[in-house]
Amino acid sequence: MHIVVCIKQVPDSAQIRVHPVTNTIMRQGVPTIINPYDLFALEEAMRLRDKFGGEVTVLTMGPPSAEDSLRKALTYGADRAVLLTDRFFAGSDTLATSFALATAITKIGETYGVPDLVFTGKQTIDGDTAQVGPGIAKRLGLMQVTYVAKVAEFDPAGRTITLERRAEGGTQVLKSKLPCLVAMLEATNEIRRGTMENALRAARAEIVKWSAKEAGVEDMSKCGLKGSPTIVKRVFAPSPRAEKAKFIEAPEGSNLAEALIAEVFARQPNLEADLTALARGF
Amino acid sequence: MSEPKTPPAPAAGGRASTKKELPEHFKAYKHVWVFIEQERGQVHPVSWELMGEGRKLADKLGVELGAVVLGAEGETVRGAVAEAFCYGADLAYVVADPVLTDYRNEAYTAAMTDLVNTYKPEILLLGATTLGRDLAGAVATTLLTGLTADSTELDVDADGSLAATRPTFGGSLLCTIYTLNYRPQMATVRPRVMSMPIRVEKPVGRVVEHKLGVVEDDIVTKILSFLPDRDSNKANLAYADVVVAGGMGLGSPENFQLVKNLAAAMGAEFGCSRPLVQKGWVSSDRQIGQTGKTIRPRLYIAAGISGAIQHRVGVEGADLIVAINTDKNAPIFDFAHVGIVTDAIRFLPLLTEAFDKRLSAHSRDKLAS
Ligand SMILES: Cc1cc2nc3c(=O)[nH]c(=O)nc-3n(C[C@H](O)[C@H](O)[C@H](O)COP(=O)(O)OP(=O)(O)OC[C@H]3O[C@@H](n4cnc5c(N)ncnc54)[C@H](O)[C@@H]3O)c2cc1C
Ligand SMILES: Nc1ncnc2c1ncn2[C@@H]1O[C@H](COP(=O)(O)O)[C@@H](O)[C@H]1O
């Protein structure tokens, strides 16, 4: 069995600071991490491998420095890492990104065996769109199951997979066929710690590096800026609200809580009646 | 949708075309469509919120507003179509087929892409729900067009292009995204980001019935079962009238009970800022903000929350924001309407008691969660 996991290297958002005056991002020295959601995808893939045998290949598209994330994934226990890097990919939106990743997955299939499963995270913390997974699935003609909380059953011989999928108001239990793309939800499993043995292996491992051409891209106009139908025209800071909050202080002889309640109901006259009705259980 | 990898001006300079040069075959694309999302007999309110936005866009462009309703033939579909007219649709596109009974990506993507290719809308809006995001990504890729996720503002500019604005760089900045040379221009919007339009009783108007191009045997994915959420409160936070939330200023998970107590006394929902979820004090479905729920209550009370931009974007639609914070310079006072500079741990019990008295209710036990 062969599973491909798509991971992205992203800036550690917990460390991003916004300049208090200019309201712009201070990006200097912000460390990068593997997109946190993708770690749950990687863990789930490795669990299936550990149980059913086979290999896990991690794939990322990004700058040469994204190699760090791939080595980290090898430390966790992935078997092989592929870095898709080329200046032609710069400025890709989700359509162009899914094109590049889908092309590379096809090449991975030709080189190392056709994947039975492709895993992605629910979404990235920088792009935050949840579109790349569905994009890859459609490009490769794979079944697509997103917001997956649990792999309930896996039958490699029968080539089926049963998944619990988060839906509005509940959980869908779906049975699909392989090959299939699964986008994993957060906090769905406990991510293992890397072993010393894997760390040593990761440090020495050779990362497969492909340019667009090497990955099998024939039409460069589908990559990067050229292949991106969306155009970012403007980036700006949100405008501040004109007036500041009115500060309530307790008038002489009354208490602060009552003063606040009076202010609230003065501003929202209908609220009191509605809340009273609600409190009475109507 | 794109996340700007480089700052604005230079990035724009690199694009193949930042000017509108719409290819000939896209010029026939006209009208604004909204996907009416329903699951198990219920239309998601985000669809009506989008109808409100869609109406404004259609009026600006001088075109029609179409509602897209997919599902199994029956009362649900009929009801959704009838409602769509009350929320401003000029016409409805309906694909009714048993294959569409429950949401499955393959069948819904087939239905939606076929409708688009046949009737050619210039703008297509969907809710950024689990269903809407799953569908939108697949449809946009199949149609090879642009999609802007989680838009917070929609407009059309002078040349009639859709301008979709969304947060970027972790929510600290906003960016406006265009799909100039492809059709349809697609965008998703999260629930509660747009206000609910007024419903006006209207008769059912023009309905275009379309046949589904796939049959059950073509669909590989089968639904085995559906397990509804046990906690029925889960979905209510976004649509609650009154929300009380707590942040790191509460200092401990035990003190978070004070927030729940006030919420119970008011018959309100409770929520929190992100760090409380990360620390495991409160479950993630209670998080308010950019990466949590967007709320639009009539009253929002925030206790011990600093008011970071990622929190702010989730609560700005509230009619009245009350902030309780020990620091009079906390950013939350820049967008709250009413502020109290005091220790929330001491003040919340007093406020709870005062509300209890004022509402003369003895129903706390019943409403407490
Ligand atoms: C990509 C990204 C997405 C994010 N998404 C979200 C999101 O969806 N929602 C969200 O909330 N955050 C989000 N955040 C985090 C956000 O930036 C802030 O870190 C977070 O909102 C701060 O939470 P807080 O106000 O509870 O804590 P703090 O910032 O620590 O503020 C605590 C406040 O409590 C006050 N205080 C202290 N003691 C008391 C007391 N006794 N009584 C009253 N007040 C007191 C302090 O003065 C302070 O203002 C996101 C961040 C990133 C980078
Ligand atoms: N550049 C990339 N390289 C590899 N995987 C990616 C990349 N961008 C996105 N993905 C995958 O697609 C998922 C959704 O990303 P997004 O659409 O950006 O929210 C992520 O969780 C990753 O698994």
Side-chain angles (χ1 to χ4, degrees), chain A residues 13 16 18 25 91 93-95 98 126-127 129-131 134-135 138-139 143-144 146-147 166-177 225-226 228-238 240-241 244-248 256-258 260-261 263-264 267-268 271 275-276 278-281, chain B residues 1-5 8 11 14-16 18 39 44 105 129-131 133-134 137-138 141-142 145-147 149 169-170 172-180 182 220-229 235 266-267 298-299 320 333-340 350-351 354 358-359 361 363:
Chain A
S13 70
I16 293 184
V18 179
I25 284 270
D93 72 358
T94 54
L95 195 75
S98 65
D126 61 343
T129 73
Q131 278 162 212
K138 278 290 162 284
R139 300 258 191 192
M143 295 307 126
Q144 153 192 336
T146 56
Y147 299 97
R166 175 93 229 135
E168 298 297 315
T171 303
Q172 258 185 345
V173 185
L174 291 167
K175 187 165 185 168
S176 197
K177 288 217 169 98
L225 289 168
K226 278 212 171 109
S228 300
T230 60
I231 292 163
V232 180
K233 273 212 174 169
R234 212 158 70 89
V235 178
F236 56 102
R241 183 114 104 206
K244 272 205 125 192
K246 174 178 170 189
F247 287 103
I248 308 282
L256 193 55
E258 278 164 14
L260 173 61
I261 291 171
E263 179 74 26
V264 165
R267 288 174 182 245
Q268 289 282 313
L271 198 58
L275 285 183
T276 308
L278 190 66
R280 292 220 179 100
Chain B
M1 111 93 250
S2 49
E3 174 69 9
K5 308 267 170 353
R15 293 276 164 177
T18 56
E39 245 178 330
H44 196 295
N105 180 272
T129 57
T130 54
L131 191 165
R133 278 178 147 208
D134 186 88
T141 310
T142 308
T145 190
L147 165 60
F169 292 123
S172 48
L173 296 173
L174 298 168
C175 64
T176 304
I177 294 171
Y178 288 78
T179 299
L180 290 179
Y182 299 84
V220 169
T221 306
K222 307 288 174 202
I223 295 174
L224 303 184
S225 60
F226 186 86
L227 319 162
D229 288 333
M266 300 179 74
R298 288 154 75 190
L299 172 61
L320 180 58
F333 292 127
D334 294 341
F335 60 94
H337 304 95
V338 176
I340 297 216
L350 301 175
L351 189 60
R358 175 97 177 219
L359 301 173
S363 48

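Just so it is clear: chains get the letters A, B, ... in the order the sequence lines come, proteins before strands, and each one is counted from 1.
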**Request:** Start with the C-alpha gap between B/H337 and A/V264, add the side-chain angles, then the distance that decides, and say whether side chain to side chain contact (heavy atoms under 4.5 Å, CB included) holds.
**Result:** CA-CA 10 Å; B/H337 304 95; A/V264 165; over 6 Å; no
**Message:** Under 4.5 Å from any heavy atom of chain A, what part of B/T145 do you find: side chain, backbone, both or neither?
**Reply:** backbone
**Request:** Report the option among A/E258, A/R267, A/E168 that has the most heavy-atom pairs separated by less than 4.5 Å from atoms of chain B.
**Result:** A/E168
**Asked** Should the pair A/R166-B/D134 be classified as a salt bridge under the 4.0 Å nitrogen-to-oxygen rule?
**Response** no
**Asked** Heavy atoms, side chains only, cut-off 4.5 Å: are B/L180 and A/K233 in contact?
**Response** yes
**Complete:** If you tally heavy-atom pairs under 4.5 Å between each of B/T130, B/L351, B/T141 and chain A, the highest tally belongs to B/T130
**Request:** Find out whether B/L299 and A/Q268 are in side-chain contact, i.e. whether some heavy atom of one side chain is under 4.5 Å from a heavy atom of the other.
**Result:** no
**Message:** Which atoms of A/F247 are under 4.5 Å from chain B, going by heavy atoms: the side chain, the backbone, both sets, or neither?
**Reply:** both
**Message:** Can you tell me which portion of A/E263 sits under 4.5 Å from chain B's heavy atoms? Options are side chain, backbone, both or neither.
**Reply:** side chain
**Fill in**
Given B/T179, B/L227, B/D334, the one with more heavy-atom pairs under 4.5 angstrom with chain A than any other is B/L227
**Item:** Contacting moiety of B/Y182, where chain A heavy atoms sit under 4.5 Å
**Value:** side chain
**Prompt:** Who wins among A/I261, A/I248, A/L260, A/T146 for the most heavy-atom pairs under 4.5 Å with chain B?
**Reply:** A/I261
**Prompt:** Would the number of heavy atoms belonging to other residues, nucleotides or ligands and lying under 6.0 Å from NZ of A/K177 be above 12?
**Reply:** no
**Request:** Verify, without hydrogens or angle tests, whether B/N105 (side chain) and A/Q144 (backbone) share a donor-acceptor contact under 3.5 angstrom.
**Result:** no
